[in-house]
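When reading the values below, keep in mind they use all heavy atoms of this one structure, side chains included, and skip hydrogens, waters and symmetry mates. Chain identifiers are assigned alphabetically (A, B, ...) following the order of the sequence lines, protein sequences preceding nucleic acid strands; residue numbering begins at 1 within each chain.
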Amino acid sequence: MSARENILARIGKARGPGVGVDSDDVIRRHPRGPIPPLGNNLAKRFGEQATRLASDVAPTATLMDVPKIVADYLRERQLPPKGVCWPSLAALDWQGAGLEIESRAAHGDDPVGITGAFTGIAETGTLMLLSGAQTPATVSLLPETHVAVVEKVRIVATMEDAWDRLRREHGKLPRAVNFISGPSRTADIEQTVTLGAHGPYRVLIVIVGGSWNE
Amino acid sequence: MQVTAMHFKRKASENLRNEKLQKALEKLQTKFVDGRAVAIAELPNFGEVRDAAAEIRDKVIRSLDRYLLRFEQEATARGAVVHWAETTEDVNRIVAEIAHQHGVHRIVKSKSMVSEECGLNDALETQGLEVIETDLGEYILQLAHEPPSHIVAPVVHKSKEDISDLFEEKHQRPRTVQIAELCREAREVLRPGFLSADMGISGANFIVAETGSVLIVTNEGNGRLTTTLPRVHVAITGIEKVVPTLEDVTTLLRLLPRSATGQSITNYVSVLTGTRGKDESDGPEHFHVILLDNGRSKLLGTELQPMLRCIRCGACMNHCPVYQNIGGHAYGWVYPGPMGSVLTPSFVGLENALDLPNASTFCGECAVVCPVKIPLPDLLRHLRTRQVQQHLRPWQERVALRLWSWMARRPALYALSTRIAARLLRIFSGSEKRFHYLPGVTGWTDERDMPAPAGRTFRDLYRERHSS
């Protein structure tokens, strides 16, 4: 017998014959667990939680403003004004803001990576990014600075809401769903939190669609 | 990984006298214990979420095969290859076969306790493969040739000075004791490894039956790099890690980081499903998932079944007064603390880990903080019972217990002999009223004095209070 058969046989023997016959039904219904109370202003909560987890948050009215916000952010921190963006954001006027941005997946030495986001999750201030041809996963990962553009109207309360939206809009999961909550960090040395481990050192979230306090 | 749990007592004594380790362990208490308390207080419906989490884990374990088969079906439909492994040797063989099949030379790894169970790195290195640990803690341990001492913070036993010395020696760069600079140094040394590796090996915090996905929670980003850049990804996990749906995993995610490090969510939660699409420019082309049994299925239907709920957060060890004082290495295998004291005897044999079920004061804190409500003290007590039933306890202990039980069933004799013993101990304790040494209980008196009895027994005092 194969390992698979042996393992399944041992489990099957320990399980009663009628137990769990509804497993496929449970999955089809995918019931929610208890949801924490979150208040009504989702965008505000998203911004506050993201800030708490060491992301920088900038609200703005329109997508057109994003290149200038990014340029200012990089200049203030004396960071190189160049990098890569998702092909889905290639049409923005990066050059007009003095930025040198290529539309492609990131290489190991690209200083800035600019992405969109499928949604933002208010509960924890978390970005949800889906991988794909127009949304390569490396852009939010390899550069030292990650800029994420989130539409205010797409911010949801919880991860459960985000899953429902994903099922509705895409049907199935992409290769990678990445939830991102601030710059990469480690506390492995003396349990001291240090920002900037193997991923970005800083994350700027631009919320498009008006102030997140409204 | 080699089991050295039989040396528990000796190693525990050594560690109690190790001042550097004691200082390091203090940090764990302040950061992780306090951090968890704050994070739990911020979740208004914590109790409700915890009940739901325990029920989710129980539901899966009750019909584990059904959810595993569904996972296999969904994962396969998305282009992953699912392997089943009965033993750790099977895992090592399967990984080596995958590596050879894809012409792999260099492997990057993110943290996986299951791969520590397997001793995977050594096994792959003997096959001529280069393996690089990329979690900062695991990387430090790989340089130092040491095993992890904590399942979440593997290098908790080392000070930053230890790590500075190690990096200076291995990296040949100017020495620094700044933690941020040490982290940057590791990033710069490891980045070329990520970019050139042919294979990435990760664990899985959960696997999702609904979608055939592997989910990993990480903070450093090395888990994402490991599972994004190399052309082959192998995820290794225990068969018990399956959960039914994305909603279920979300409930568990409300508790795992809070219980582990006091975070409301880890920096990254990655849900990985299938292989790179035809028009995609990143992601692995080959995705293998290895499901390891290694003694897990044997716990089903036994008193120890609730242990399979475990989500490896480490809260039980962070809060354990025994772990807090002796650290993780004394436990002698991959999993330390209360969860390890149940898992190690279960996986490597009770006879190879005789002291572990006894390495508990039964204070119950581990059960209080467990996010999936595992009754750890009950499970440890059950293992103690098994030890006695299987005649695995030393003869002195068995004789002493038999004698005590004989006496306890004769109340008059018991009262008389305790009264005599209490008085004798008081007389022999001298003016200090303490013992620096007592034959037979040196385990106590080596570390601290034994206070002498006041001379009167509990029964005497009880009778006196109730007659007045």
Exercise for the section: Decide yes or no for Leu246(B) and Met159(A): does some side-chain heavy atom of the first lie under 4.5 Å from some side-chain heavy atom of the second? Expected result: no

Problem - Segment of Glu55(B) engaging chain A (4.5 angstrom heavy-atom cut-off) - result: neither

Handout entry: chain B contact via Gln134(A) - side chain, backbone, both or neither, heavy atoms under 4.5 Å
Key = neither

Exercise for the section: Taking atom types as modelled, find out whether Thr250(B) and Trp163(A) have a side-chain donor-acceptor pair closer than 3.5 angstrom. Expected result: yes

Exercise for the section: Specify the closest pair of heavy atoms between Lys160(B) and Glu190(A), including all atoms of both residues, with the distance to one decimal. Expected result: N-OE2, 2.8 Å

Handout entry: Greatest number of heavy atom pairs closer than 4.5 Å to chain A - which of His83(B), Arg66(B), Arg62(B)
Key = Arg66(B)

Practice task
Go through the atoms of Leu166(A) and report whether side chain, backbone, both or neither lie under 4.5 Å from a heavy atom of chain B.
Solution key: neither

Problem - Pairing of Glu42(B) and Arg52(A) as salt bridge, 4.0 angstrom limit - result: yes

Exercise for the section: Could you tell me which of Leu300(B), Asp282(B), Thr245(B) has the largest number of non-hydrogen atom pairs under 4.5 Å with chain A? Expected result: Asp282(B)

Practice task
Could you tell me which of Glu48(B), Arg224(B), Lys27(B) has the largest number of non-hydrogen atom pairs under 4.5 Å with chain A?
Solution key: Arg224(B)

Handout entry: Residue part contacting chain B, namely of Arg104(A), when any heavy atom lies under 4.5 Å
Key = neither

Practice task
May I ask you to check whether over 12 heavy atoms, not counting those of Gln95(A), lie within 6.0 Å of atom CD?
Solution key: no

Problem - Residue from Thr266(B), Ile265(B), Val269(B) passing side-chain contact (heavy atoms from CB on, under 4.5 Å) with Thr124(A) - result: Ile265(B)

Handout entry: Side chain / backbone / both / neither for Pro244(B) at chain A, heavy atoms under 4.5 Å
Key = both

Problem - Electrostatic pair Glu247(B):Arg29(A) at N-O distance under 4.0 angstrom - result: no

Exercise for the section: Return yes when atom CD of Glu151(A) has more than 12 non-hydrogen atoms of other residues, nucleotides or ligands closer than 6.0 Å, and no otherwise. Expected result: no

Practice task
Identify the two heavy atoms, one from Arg254(B) and one from Pro34(A), that lie closest to each other, and give their separation to 0.1 Å.
Solution key: NH1-O, 3.7 Å

Practice task
Pick one of side chain, backbone, both or neither for Ser55(A), based on which atoms fall under 4.5 Å of a heavy atom in chain B.
Solution key: neither

Exercise for the section: Could you please spell out the steps behind the salt bridge (charged side-chain N to carboxylate O under 4.0 Å, His left out) verdict for Lys172(A) and Glu210(B)? Expected result: CA-CA 10 Å; Lys172(A) 61 174 192 172; Glu210(B) 175 188 1; over 6 Å; no

Exercise for the section: Kindly compute the distance separating NE2 (His30(A)) from OG1 (Thr211(B)), expressed to the nearest 0.5 Å. Expected result: 11.5 Å

Exercise for the section: Find the distance between OG (Ser184(A)) and OH (Tyr268(B)) and round it off to the nearest 0.5 Å. Expected result: 4.5 Å

Fill in the blank from the handout: Among Ala14(A), Ala105(A), Ser23(A), Ala176(A), the residue with the most heavy-atom pairs under 4.5 Å to chain B is Ser23(A)

Exercise for the section: Return yes if a side-chain donor-acceptor contact under 3.5 Å exists between Glu220(B) and Thr186(A), otherwise no. Expected result: yes

Handout entry: Heavy-atom closest pair, residues Gly33(A) and Thr251(B)
Key = CA-OG1, 3.7 Å

Practice task
Using a 4.5 Å cut-off on heavy atoms from C-beta on, say whether the side chain of Trp84(B) contacts that of Leu8(A).
Solution key: yes

Problem - Spacing of Ile11(A) atom CD1 and Asp293(B) atom CG [to the nearest 0.5 Å] - result: 6.5 Å

Practice task
Establish, from distance only, whether the side-chain atoms of Arg185(A) and Asn267(B) form a donor-acceptor pair under 3.5 Å.
Solution key: yes

Handout entry: Nearest heavy atoms of Asp188(A) and Pro154(B), plus distance in Å
Key = OD1-CD, 4.0 Å

Problem - Spatial distance of atom CD1 (Ile7(A)) from atom CD (Glu86(B)) [nearest 0.5 Å] - result: 5.0 Å

Practice task
Give, as side chain, backbone, both or neither, the part of Pro183(A) having an atom under 4.5 angstrom from any heavy atom of chain B.
Solution key: backbone

Practice task
Check the side chains of Ser297(B) and Arg10(A) for a donor-acceptor pair under 3.5 angstrom, ignoring hydrogens and angles.
Solution key: yes

Problem - chain A contact via Ile163(B) - which portion, at a heavy-atom distance below 4.5 Å - result: side chain

Fill in the blank from the handout: If you tally heavy-atom pairs under 4.5 Å between each of Asp248(B), Leu69(B), Thr87(B), Thr261(B) and chain A, the highest tally belongs to Leu69(B)

Problem - Ala186(B) portion near chain A, given a 4.5 angstrom heavy-atom threshold - result: backbone

Handout entry: Side-chain donor or acceptor of His198(A) paired with backbone N/O of Thr134(B) under 3.5 Å
Key = yes

Handout entry: chain A contacts, top residue of Ser159(B), Gly277(B), Ala52(B), Gly79(B) (heavy-atom pairs, under 4.5 Å)
Key = Ser159(B)

Handout entry: Step-by-step side chain to side chain contact (heavy atoms under 4.5 Å, CB included) determination, Leu272(B) to Arg175(A)
Key = CA-CA 6 Å; Leu272(B) 306 165; Arg175(A) 183 194 65 77; 4.2 Å; yes

Problem - side chain to side chain contact (heavy atoms under 4.5 Å, CB included) evaluation trace for Leu225(B) with Leu142(A) - result: CA-CA 8 Å; Leu225(B) 290 163; Leu142(A) 287 169; 3.4 Å; yes

Fill in the blank from the handout: Closest heavy-atom pair, Leu141(A) versus Arg191(B), reported as atoms and distance to 0.1 Å, is O-NH2, 4.3 Å

Fill in the blank from the handout: If one checks every heavy atom of Thr218(B) against chain A at 4.5 Å, the contacting part turns out to be neither

Practice task
Select one option (side chain, backbone, both, neither) describing which atoms of Ser181(A) are under 4.5 Å from chain B's heavy atoms.
Solution key: both

Handout entry: pair Val193(A)-Asn219(B): side-chain heavy atoms closer than 4.5 Å
Key = no

Problem - Close side-chain approach of Leu173(A) to Ser213(B), heavy-atom, < 4.5 Å - result: yes

Problem - Min side-chain heavy-atom separation Ser264(B)-Leu53(A) under 4.5 Å - result: yes

Practice task
Decide yes or no on side chain to side chain contact (heavy atoms under 4.5 Å, CB included) for Lys59(B) and Val26(A), but give the supporting numbers first.
Solution key: CA-CA 10 Å; Lys59(B) 181 170 64 187; Val26(A) 168; 3.8 Å; yes

Handout entry: Trace of the side chain to side chain contact (heavy atoms under 4.5 Å, CB included) decision for Ile189(A) with Ile140(B)
Key = CA-CA 10 Å; Ile189(A) 302 178; Ile140(B) 291 165; 4.3 Å; yes

Handout entry: Options Asn178(A), Asp24(A), Thr194(A), ranked by heavy-atom pairs under 4.5 Å with chain B, top entry
Key = Asn178(A)

Exercise for the section: Report the option among Leu195(B), Leu229(B), Ile179(B) that has the most heavy-atom pairs separated by less than 4.5 Å from atoms of chain A. Expected result: Ile179(B)

Problem - Atom CG of Asn40(A) with >12 non-hydrogen neighbours under 6.0 angstrom - result: no

Problem - Closest approach of Pro136(A) to Ser281(B) (non-hydrogen atoms, all atoms of both residues) - result: CB-OG, 3.9 Å

Exercise for the section: Kindly say whether Gly196(A) contributes a backbone atom to a donor-acceptor pair with the side chain of Arg187(B) at under 3.5 angstrom? Expected result: no

Exercise for the section: Determine yes or no for a side-chain-to-main-chain donor-acceptor pair under 3.5 angstrom, with Asp279(B) supplying the side chain and Ala133(A) the backbone. Expected result: no

Completion exercise
So, the part of Phe287(B) with a heavy atom under 4.5 Å from chain A: the answer is neither

